[in-house]
Amino acid sequence: MSTTVITGIGELVTNDPARAQQGGLLGLVTDAAVVIEGSRVAWVGPAAEAPDADVQVDAGGRAVIPGFVDSHSHLVFAGDRSAEFEARMTGEPYTAGGIRTTVARTRAATDEQLTSHVARLVAEMRAQGTTSLEIKSGYGLSVLDEARSLAVAAQFTDETTFLGAHVVPAGTTPEDYVALVTGPMLAAAAPHARWIDVFCEDGAFDVDQARAILAAGADSGLRGRLHANQLTYGKGVQLACELGLAAVDHCTFLSPLDVESLRDSGTIATLLPGVEFSTRQPYPDARGLIDAGVRVALASDCNPGSCFTSSMALCIALAVREMRMSPAEALHAATATGAAALDRDDVGVLAPGKAADLVLLDAPSHVHLAYRPGVPLVAGVWQAGRPVVG
Ligand code: NIG
Ligand code: FE
């Protein structure tokens, strides 16, 4: 198996809890090296002690971080909603109604068109340092269109999520649609999905419907996650905590009881600050959540409606500037905790045996991700040990 040593790393972010005592939350190592063997990390330590390898790369004093783990995206869609964004920026509120516009365009697209669109977005993400991602369905909303959306998503990631319960499509009643989602649609989707998700919100699905849909998914072997408390207060976060879900996403409007439940359950609150940026809503209280002992992840929510960014660096910058996370907390949330939100411990951490998913930054430290907002800092990406960017 071929080996590569990346040496001359001015600052290495490992996220390795074993290095927390000296290296803090990010398990920092200065003047570091990493050895990659095949698809895995083989060695991490001081550059002066690095073993030899077949290929040598000199980082020239720059920083290396784990690849971003984007645990929430909706990449399978067709069409454009920039007019809706433009209207929002001149005073229209965000509503979930725009989802139906994308559904019509997605249904009209061929599998080839959907696949090439997802491929373009995945490449865009990779070029910005994302090496693991979750992709949801949710713009098909028929048995056929949800199944083919997931089949497309599964070509790009193992972390695929069935979101038939995104909104109730036109021409059906909520009762009939929940029966479809928990019956034939779930049966068609399950072979292509690892997760099941529900948009639990006024105007989408209520907490009883969400409970029934998640239970049906669990019976088909799908693990649950939830969109909740995005547009207003509600019971979705409570449900996620009660069920012990890996993650509940958005968490923009939380009561004190919601925060306690998150802390006690260990369910990760995945915050999606690109959404608040792009909908001009208030940002979630990341600082309050972290100080209360809640685990917080950051993800892009890349989708054509509420937030069409693929940039985890932007999410980090917003989390630091607008949500009072420290740069270290934000990077940890976008890597190791993003991985935990997907029940994964093989990514988001650079330690022997973990996936060799690394990003070389054109910067001396991870702080530059927030310090230099909007600046493309990714100089190189290795995914499963292979150089894919740079
Ligand atoms: O996560 N909130 C629900 N779904 C997406 C937005 C979907 C859309 O507007 O197209 C979200 O924000
Ligand atoms: Fe979403």
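Sequence positions, counted from 1, serve as the residue numbers for this chain. What you are looking at is a predicted structure, and each value in this text was computed from that prediction instead of being measured. Order of listing sets the numbers, starting from 1, for every ligand and every atom in it.
Nearest to the Fe ion (ligand 2), among the N, O or S atoms that H227 has, is NE2. Here the N, O or S atom of D301 that is nearest to the Fe ion (ligand 2) is OD1.
Less than 4.0 angstrom separates some heavy atom of H227 from each of these atoms of ligand 1: 1 (O), 2 (N), 3 (C). Atoms of ligand 1 lying under 4.0 Å from at least one heavy atom of H72, given by number and element, are 1 (O). Distances below 4.0 Å separate heavy atoms of H74 from the following atoms of ligand 1: 1 (O), 4 (N), 5 (C), 11 (C). Listed by atom number, the atoms of ligand 1 under 4.0 Å from I99 heavy atoms are 7 (C), 8 (C), 9 (O), 10 (O). Less than 4.0 angstrom separates some heavy atom of G305 from each of these atoms of ligand 1: 8 (C), 9 (O), 10 (O). When each atom of ligand 1 is checked for a heavy atom of N303 under 4.0 Å away, the hits are 6 (C), 7 (C), 8 (C), 9 (O), 10 (O), 11 (C), 12 (O).
With a cut-off of 2.8 Å, the Fe ion (ligand 2) has no N, O or S atom of D197 in range. The Fe ion (ligand 2) does not have H250 among its coordinating residues (no N/O/S atom, backbone or side chain, under 2.8 Å).
The shortest contact between atom 7 (C) of ligand 1 and any protein heavy atom is with Y139 OH, 3.2 Å. Among all protein heavy atoms, the one lying closest to atom 11 (C) of ligand 1 is D301 OD2, 3.1 Å. In this structure, the protein non-hydrogen atom closest to atom 12 (O) of ligand 1 is S306 OG, 2.5 Å. Among protein heavy atoms, the minimum distance from atom 4 (N) of ligand 1 is reached at H166 NE2, 2.8 Å. Nearest non-hydrogen protein atom to atom 2 (N) of ligand 1 is Q230 OE1, 2.7 Å.
Heavy atoms of other residues, nucleotides or ligands lying less than 6.0 angstrom from CG of D291 number more than 12.
For the pairing with R148, the side-chain hydrogen bond (donor to acceptor under 3.5 Å, both in side chains) check across T106, D111, T115, T110 returns one residue only, D111. Residue F308 forms a ring pair (Phe, Tyr, Trp, His ring centres under 6.0 Å) with just one option from F85, F77, F277, and that option is F77.
For the pair T157 (side chain) and A153 (backbone), a donor-acceptor distance under 3.5 Å is absent. Not one N or O on the side chain of R62 forms a donor-acceptor pair closer than 3.5 Å with the backbone of A363. Within the 3.5 Å criterion, the main-chain N or O of G348 finds a donor-acceptor partner in the side chain of N15.
In terms of heavy atoms, V44 sits closest to A351 at CG2-CA, 4.2 Å.
Contact annotation: Y94 has at least one heavy atom less than 4.0 Å from an atom of ligand 1. Within the structure, ligand 1 lacks E201 among the residues with a heavy atom less than 4.0 angstrom away.
The NE2 atom of H74, the Fe ion (ligand 2) and the NE2 atom of H72 define an angle of 100° (nearest 10 degrees).
Taking distance alone, with nitrogen or oxygen atoms compared against 3.5 Å, R81 approaches ligand 1 more closely than that limit.
Side-chain contact check for L318 versus M323: every heavy-atom pair is 4.5 Å or farther apart. Here the side chains of P273 and L298 are in contact, with some heavy-atom distance below 4.5 Å.
Connection of V388 to V34 is not established within any shared hydrophobic cluster, with ILVMFWY side chains joined at heavy-atom distances below 4.5 Å, either directly or through further cluster members. In the hydrophobic clustering of ILVMFWY residues, with side-chain heavy atoms under 4.5 Å counting as a link, F156 and F68 come out together.
Ring planes of H227 and H72: perpendicular class, angle over 60° (limits at 30 and 60°).
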